[in-house]
Amino acid sequence: MVKPTNNEIAKLLREVAAAYTVSDEKKYRFQILAYQKAADVVEKLSSEVYELWSEGKLEDISGVGPSIASHLKELFATGKVKHFEEIKKKAPGALFPLLAIPKIGPKTAVKLINSLKIKKSDQAIELVQKAGEEGKIAEIPTFGKKSEKEILQAISEFYAGRQKTSRMVLPYAYEIAQKVLTHLKKCPDVQKIEPLGSLRRMVSTIGDIDIAVASNHPQKVINWFVTYPYAERIIEKGDHTASFLTSGSKQIDLMVQPTSAWGSLLQHFTGSKDHNVKLRTRAITYGLSVSDYGIKITDRKKLKKDWEKFYTKSNFNSSLGLYVFADEKTFYQAQGLKWIEPELREDRGEIEADLVGKLPKIIQNEDIKGDLHTHSLVDVEPSHDLGQSGMSEMIKLAQELHYEYLGFAEHNPSNYNHTPSQVSALIKKRNEKIEQAQKVTKSVQILKLLEIDILADGKLAIDDKSFSLLDAGIVSIHSSFSQDKEQMTQRVLKGLSHPKAKILGHPTGRLLGQRSGFELDWEKIWEFCAKNNKALEINAYPTRLDISDTIVRETIKRGVKVVIDTDSHEVSQMKNMKFGVAVARRGWAEKKDVLNTYSFADLKKWLLS
DNA sequence: GCCGTTTTCGGCCCGACTGTTTTCAGTCG
């Protein structure tokens with residue numbers, strides 16, 4: 001029995017697609033698409049494919065049909081797939097490592113392998129690099145000096161960490177985008193500007209940063225764009241688009257269109273790819289061809305009568321032969337749809353929901369009435385890191401954010417070097433600080449919370465007497481991450497079973513880009529939480545964003561509440577709330593699903609329930 | 001190989017940019 005990760009499975013599926021491509025692209029055209037699609041889906045999946053298989057749900061994955069499912073079953077059972085191996089044999093082994101290099105696709109790779117006579121797969125990248133340095137790539141037919149230079153460039157960037165799969169956390173991407181935006185806004189020809197792509201959809205990790213500009217002088221904007229002071233290398237520069245790498249090998253893409261087509265540009269560049277493909281495929285059946293420029297009517301007979309009002313002389317661009325849309329809403333309406341929130345555009349049923357008027361009214365930043373998980377610098381001699389900001393400045397920021405309430409939830413006093421009564425004394429001392437602060441604070445209600453360790457055996461790190469000093473507890477896992485799924489689930493359930501343990505903090509313990517987090521039996525967790533009024537946290541800390549959007553969606557489907565917290569250890573981190581809200585929005589959460597949209601009175605009531 | 005508001009069969013999004021090929025192939029999103 002083997003247990004490959006989703007990334008390993010996705011890589012394998014991509015290898016099959018690549019092998020099909022080099023063996024006979026025409027013949028296998030649609031298999032290639034199918035395998036690539038399956039790889040994309042698996043890569044983005046929030047649950048492990050392995051687990052889905054063990055639950056018999058493999059074919060629930062959209063993009064995985066009977067054939068790929070049966071191959072994956074074989075993979076899990078035996079560690080390999082006969083069919084995949086046969087296909088991969090049709091391609092040289094050195095193909096697969098080379099695919100990780102930007103700009104090298106299957107065909108380029110095979111040409112390199114054949115011309116350079118590369119035999120050893122594990123040295124393929126080094127051998128290509130060496131050949132390039134010796135000027136041998138430029139001599140290969142269809143290659144030249146420029147492509148040789150480009151390949152060498154891509155290899156060195158690959159070694160420096162730029163891979164087709166490396167991603168950055170959302171707030172980091174947000175910062176970079178703001179800087180580039182500031183630069184672009186200084187260009188007088190920029191009329192409208194928006195960060196788009198996964199950034200606009202607020203995905204937790206971002207690959208490239210996409211920026212769209214409306215301007216009637218695209219070339220001037222492009223020329224301005226590439227003068228960005230931290231642009232390290234310009235990747236491409238055309239009439240309407242350009243890209244460069246900025247420090248840390250992060251790619252910034254720009255697309256420029258005239259104002260009249262701004263709507264379709266926004267829509268196209270926001271994506272996701274799957275959402276766009278679904279839209280466009282559907283549009284074809286109504287005689288429409290949809291692109292980032294606008295919509296062409298290819299078969300007027302198929303066009304629905306009540307859509308005709310969106311296709312008039314006034315929005316027809318005769319030189320392009322298509323209808324243009326200045327805003328996104330009309331662009332959707334012209335396809336019989338209502339406007340869809342960017343966070344929902346993942347082809348996870350949003351188009352179908354829109355068609356039957358069942359799109360959720362998702363939560364907004366303004367709905368948030370407080371933050372329940374913050375760490376002040378009041379020293380309770382805690383088990384983990386102390387906050388860095390005083391209570392008063394955190395309360396002040398809470399007021400500026402128009403919060404009704406704020407929860408201090410420092411880590412519990414370490415029970416390693418304190419007796420239970422010493423723990424109680426430390427909590428009492430912290431509570432006194434809160435009471436003092438509350439005396440001078442009228443507009444914000446302060447809650448006496450605590451972040452309590454769920455120890456390896458499921459016991460909590462404080463006793464009942466200490467618990468009685470609190471309004472409620474946030475319980476979290478901070479140790480023994482390697483326990484298996486069943487053990488971890490029992491541990492969490494035991495931790496949550498204390499009547500005052502109301503919130504499970506950062507439920508999977510994942511750290512984006514560092515560790516994947518532990519597995520839980522979600523059905524059991526949801527069932528317990530629904531029955532006993534416990535909430536799962538969406539931790540807005542940039543490297544956590546835990547639980548994930550897809551788990552949020554399943555959580556609220558079962559009537560379990562989520563609570564969005566910043567887990568701030570420093571006052572400015574309280575502003576990270578929007579990233580947690582984004583996770584909730586992507587999980588289709590409405591205001592009613594989120595605990596900290598409640599009024600203080602309702603929240604209190606819930607905490608006591 | 002997958003999938004369905006027209007379909008369980010017959011389709012499968014649309015386009016930009018680059019390099020070197022003078023009309024297109026490859027990669028990318």
Side-chain angles (χ1 to χ4, degrees), chain A residues 13 16-18 20-22 25 27-41 59 61-71 83 87 99 101-112 137-138 140-151 154 164 196-198 207-210 212 218 222 234-243 251 253-257 264-265 267-296 298-299 302 304 320 322 335-337 347 351-356:
Chain A
L13 294 169
V16 174
Y20 268 137
T21 308
V22 300
E25 193 185 13
K27 182 175 167 192
Y28 296 116
R29 197 170 148 212
F30 297 110
Q31 279 88 339
I32 294 164
L33 283 177
Y35 274 91
Q36 279 167 346
K37 164 93 183 171
D40 288 343
V41 170
E59 286 187 52
I61 307 171
S62 132
V64 174
S67 171
I68 293 182
S70 80
H71 295 320
H83 180 60
I87 299 161
L99 292 175
I101 311 289
K103 300 277 177 181
I104 297 186
K107 292 176 198 167
T108 307
V110 167
K111 277 190 220 161
L112 288 169
I137 293 177
I140 304 170
T142 76
F143 288 79
K145 280 264 171 262
K146 280 190 178 172
S147 40
E148 180 174 84
K149 201 177 149 207
E150 196 174 65
I151 287 169
K164 288 170 183 171
L196 300 183
S198 47
D208 302 336
I209 290 170
D210 299 316
I222 302 252
I234 291 146
I235 297 173
E236 62 174 46
K237 184 167 169 277
D239 295 339
H240 294 280
T241 69
S243 311
Q251 187 171 331
D253 297 333
L254 176 73
M255 188 181 265
V256 190
Q257 288 279 305
S264 41
L265 174 64
Q267 200 286 324
H268 166 76
F269 224 179
T270 298
S272 65
K273 185 185 164 197
D274 292 336
H275 176 86
N276 286 355
V277 169
K278 174 69 73 75
L279 274 188
R280 291 170 183 196
T281 312
R282 178 176 170 273
I284 291 169
T285 64
Y286 295 105
L288 300 172
S289 170
V290 174
S291 78
D292 40 331
Y293 291 102
I295 303 180
K296 267 184 201 151
T298 51
D299 188 348
K302 291 184 182 167
K304 280 206 176 180
L320 296 172
L322 49 71
Q335 299 169 59
L337 295 159
D347 189 23
I351 294 169
E352 293 82 351
D354 184 325
L355 287 168
V356 293

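In what follows, every chain begins at residue 1, and chains take the letters A, B, ... in the order their sequences are listed.
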*Which nucleotide, in any strand shown, forms a Watson-Crick or G-U wobble pair with B/dG1, with both distances under 3.5 Å?*
B/dC12
[N] versus [M] - spacing of their [atom1] atoms, nearest Å:
N	M	atom1	value
B/dC12	B/dT6	C1'	16 Å
B/dC2	B/dC13	C1'	16 Å
B/dC17	B/dT23	C1'	16 Å
B/dA25	B/dT20	C1'	10 Å
B/dT7	B/dG11	C1'	9 Å
B/dG10	B/dG15	P	27 Å
B/dT8	B/dT21	C1'	43 Å

In whole angstroms, how far is the [atom2] atom of [N] from the [atom1] atom of [X]?
X	N	atom1	atom2	value
A/K146	B/dC17	NZ	C1'	12 Å
A/K111	B/dA25	NZ	C1'	7 Å
A/Y286	B/dG4	OH	P	14 Å
A/L112	B/dT27	CG	P	10 Å
A/R280	B/dC14	CZ	C1'	5 Å
A/F269	B/dC28	CZ	P	16 Å
A/I68	B/dC3	CD1	C1'	13 Å
A/D274	B/dG29	CG	C1'	12 Å

For [X], answer base if it contacts any base atom (sugar-phosphate contacts may also be present), sugar-phosphate if it contacts only those atoms, and nothing otherwise; contact means non-hydrogen atoms under 4.0 Å.
X	result
A/K107	sugar-phosphate
A/F143	sugar-phosphate
A/E236	sugar-phosphate
A/K304	nothing
A/S243	nothing
A/P106	sugar-phosphate
A/V64	sugar-phosphate
A/K237	sugar-phosphate
A/I284	sugar-phosphate
A/H83	sugar-phosphate

*Any chance you could lay out the side-chain contact (heavy atoms from CB on, under 4.5 Å) test for A/R280 and A/I284, step after step, and finish with the verdict?*
CA-CA 6 Å; A/R280 291 170 183 196; A/I284 291 169; 5.7 Å; no
Quick one: is [X] getting a side-chain N or O under 4.0 Å of the [N] phosphate, OP1 or OP2?
X	N	value
A/S67	B/dG1	yes
A/S289	B/dC14	yes
A/Y35	B/dC2	no
A/T241	B/dA16	no
A/S147	B/dT18	no

*Could you tell me the separation between the CD atom of A/E236 and the CD atom of A/Q251, rounded to the nearest 0.5 Å?*
7.5 Å
*Are the side chain of A/T241 and the backbone N or O of A/L254 linked by a donor-acceptor pair below 3.5 Å?*
no
*Just by modelled atom types, is the A/L196 backbone N or O under 3.5 Å from a matching donor or acceptor in the A/D210 side chain?*
no
Of the listed nucleotides ([options]), which one gets closest to any side-chain atom of [X]?
X	options	value
A/L355	B/dC13, B/dG1, B/dT5	B/dT5
A/T108	B/dG29, B/dG26, B/dC14	B/dG26
A/H240	B/dG1, B/dG29, B/dC17	B/dC17
A/K296	B/dG29, B/dC17, B/dG15	B/dG15

*asked:* Apply side-chain contact (heavy atoms from CB on, under 4.5 Å) to residues A/Q31 and A/V16 and explain how you reach the verdict.
replied: CA-CA 9 Å; A/Q31 279 88 339; A/V16 174; over 6 Å; no
*asked:* On DNA chain B, does the nearest nucleotide to A/G238 precede the nearest nucleotide to A/A109 from the 5' side, or the other way round? Give the residue.
replied: A/G238
_With nearest nucleotide decided by heavy atoms, which residue, A/T285 or A/V290, maps closer to the 5′ end of DNA chain B?_
A/T285
*asked:* Over 60° means perpendicular and under 30° means parallel, so tell me whether A/H83 and A/H71 are parallel, tilted or perpendicular.
replied: parallel
*Salt-bridged, A/D274 to A/K37, with N to O below 4.0 Å?*
yes
*For the pair A/K278 and A/E352, find out whether any cationic side-chain nitrogen is under 4.0 Å from an anionic carboxylate oxygen.*
yes
